[in-house]
Protein chains: 2
Amino acid sequence: MPRSNSELNTQVQVFKALADPTRLAILKLLKRAPEALICGQVGAQLGISKTSGSYHFKLLEAAELIIVNKVAREKYVTLNQAVIDRDVTQFYQQL
Amino acid sequence: MPRSNSELNTQVQVFKALADPTRLAILKLLKRAPEALICGQVGAQLGISKTSGSYHFKLLEAAELIIVNKVAREKYVTLNQAVIDRDVTQFYQQL
DNA sequence: ATTATAGTTCAAAAACGTTTGAACTATAAT
DNA sequence: ATTATAGTTCAAACGTTTTTGAACTATAAT
């Protein structure tokens, strides 16, 4: 049943965000990229529809795993490395 | 070099296993336990049915996050610390 | 001004994950 | 032998996540 611990909840949210092949692929692409990438280009490279891409980027942003910067028509995304580092550390300390 | 997809798949499997409040609670309980715990007792402590417990433990075992030891009627479980450490390291190296 | 491009939103559909109860196996206790 | 306990399995129900297509907004290019 619902275990209501808000730290646990955000942790679950992060793991849920990571628990999908498309999103993991996005994050790995961003990790290797020298600078910000445009959403649509990432989606195209992974062969997903723009609607689906929009959904996944929104979810990654909600989990604070990426930073989004809208410039004119385009959406530039980068890893939120600080938050990822914090999450890894937490994972390491707890398990 | 084309990155094999099976690595991504097992990674996704691990994150899926972690992406649930009940399973995360189980793992944290196991982490703090001085020795192996009995499935049913863990389930009771978390207030889940035995059927549901069986489902979650099976999933955690499939993801190799726990080690299971059946003794007579009881199922003893411990964290699979070696695999967890490897997963954390991989997470750290890739994101 | 028209058309093209990048992305969003919405609702429906499809896919996937979790819980439930009943029936079951195997071991233990009386 | 009978009854109790620990756990599994199965299918159905229930719940959540993901994909889809169409309609939409906003900016850019011709």
Side-chain angles (χ1 to χ4, degrees), chain A residues 1-5 8-27 29-30 33 35-78, chain B residues 5 8-27 29-30 33 35-78:
Chain A
M1 281 306 267
R3 205 158 322 300
S4 67
N5 175 338
L8 206 168
N9 288 340
T10 58
Q11 235 165 190
V12 168
Q13 191 196 10
V14 168
F15 285 130
K16 277 187 174 170
L18 295 166
D20 174 273
T22 298
R23 290 191 294 270
L24 221 34
I26 290 172
L27 294 174
L29 261 176
L30 292 179
E35 358 83 7
L37 298 179
I38 294 167
C39 284
Q41 295 180 354
V42 174
Q45 185 155 352
L46 299 177
I48 63 180
S49 71
K50 62 190 176 150
T51 314
S52 183
S54 184
Y55 169 75
H56 287 298
F57 283 110
K58 204 165 111 183
L59 206 146
L60 288 170
E61 191 183 7
E64 298 186 275
L65 293 170
I66 61 174
I67 292 167
V68 171
N69 195 353
K70 187 145 198 187
V71 175
R73 284 189 302 186
E74 265 112 38
K75 236 174 110 172
Y76 289 86
V77 282
T78 51
Chain B
N5 236 26
L8 210 178
N9 289 339
T10 59
Q11 237 164 190
V12 168
Q13 191 192 14
V14 168
F15 285 130
K16 277 188 175 168
L18 294 166
D20 174 273
T22 298
R23 290 190 294 271
L24 223 33
I26 290 171
L27 295 174
L29 261 176
L30 292 180
E35 358 82 10
L37 297 179
I38 294 167
C39 284
Q41 294 181 353
V42 174
Q45 184 154 353
L46 299 176
I48 62 180
S49 71
K50 62 191 178 151
T51 314
S52 183
S54 184
Y55 169 75
H56 287 298
F57 283 109
K58 203 165 114 183
L59 209 147
L60 288 170
E61 191 183 9
E64 297 186 276
L65 293 170
I66 61 173
I67 293 167
V68 171
N69 196 351
K70 187 144 198 187
V71 176
R73 285 188 302 186
E74 264 113 38
K75 237 173 109 170
Y76 290 85
V77 281
T78 50

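Numbered from 1 within each chain, the chains take letters A, B, ... in sequence-line order. Computed from a prediction, not measured in an experiment: that's the story for all the values here. As a basis for the values below, the full set of heavy atoms in this structure was taken, side chains included, without hydrogen atoms, waters or symmetry mates.
- Side-chain atoms of A/Arg23 never come within 3.5 Å of backbone atoms of A/Leu18 as a donor-acceptor pair (strictly under, hydrogens ignored).
- B/Glu74 has its CD atom 20 Å from the P atom of C/dT25, to the nearest Å.
- Distance check, rounded to the nearest 0.5 Å: OH of A/Tyr76 to CD1 of A/Ile66 gives 15.0 Å.
- Residue contacts for B/Lys50: at a heavy-atom cut-off of 4.0 Å it reaches a base atom on one of the strands shown.
- With DNA chain D read from its 5' end, the first of the two nearest nucleotides for A/Ala19 and A/Ala72 is the one closest to A/Ala19.
- The CD1 atom of B/Ile26 sits 6.5 Å away from the NE2 atom of B/His56 when rounded to the nearest 0.5 Å.
- Between A/Ser54 and C/dT8 there is a side-chain N or O to OP1 or OP2 distance below 4.0 Å.
- Rounding to the nearest 0.5 Å gives a distance of 8.0 Å between CD of B/Gln13 and CD of B/Glu64.
- A/Lys58 has its NZ atom 8 Å from the P atom of C/dC10, to the nearest Å.
- Between the CZ atom of A/Phe57 and the C1' atom of D/dT18 there is a distance of 15 Å, given to the nearest Å.
- For D/dT17, neither phosphate oxygen OP1 nor OP2 lies less than 4.0 angstrom from any side-chain nitrogen or oxygen of A/His56.
- Here OG of B/Ser49 is found 12.0 Å from OH of B/Tyr55. Values are rounded to the nearest 0.5 Å.
- With rounding to the nearest 0.5 angstrom, the CD atom of A/Glu74 is 10.0 Å from the SG atom of A/Cys39.
- Rounded to whole Å, the distance from CG on A/Leu60 to P on D/dT18 is 10 Å.
- Of the two residues contacting DNA chain C, namely A/Arg73 and A/Tyr55, the nearest-nucleotide position lying further toward the 5' end is that of A/Arg73.
- Separating the CD atom of B/Glu61 from the C1' atom of D/dG7 is a distance of 13 Å, rounded to the nearest angstrom.
- Summarising the geometry, the separation between NZ on B/Lys75 and P on C/dT27 is reported as 15 Å, rounded to the nearest angstrom.
- Among the duplex regions that DNA chain C forms, those built from at least three successive Watson-Crick or G-U pairs under 3.5 Å are C:1-30 with D:1-30, ordered by first number.
- The residue among A/Thr51 and A/Asp20 whose nearest nucleotide of DNA chain D lies closer to the 5′ end is A/Asp20.
- Here A/Ile48 lies out of heavy-atom contact (under 4.0 Å) with every strand.
- Distances from the side chain of B/Ile38 to the nucleotides C/dG21, C/dT8, D/dA6 place D/dA6 closest.
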### Task
With side-chain contact (heavy atoms from CB on, under 4.5 Å) as the test, would you mind laying out the steps for B/Leu27 and B/Leu65 before giving the verdict?
CA-CA 8 Å; B/Leu27 295 174; B/Leu65 293 170; 4.3 Å; yes

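- Between the C1' atom of C/dT18 and the CG atom of B/Leu18 lies a distance of 17 Å, rounded to the nearest Å.
- The CZ atom of A/Arg23 sits 14 Å away from the P atom of C/dC16 (whole-angstrom rounding).
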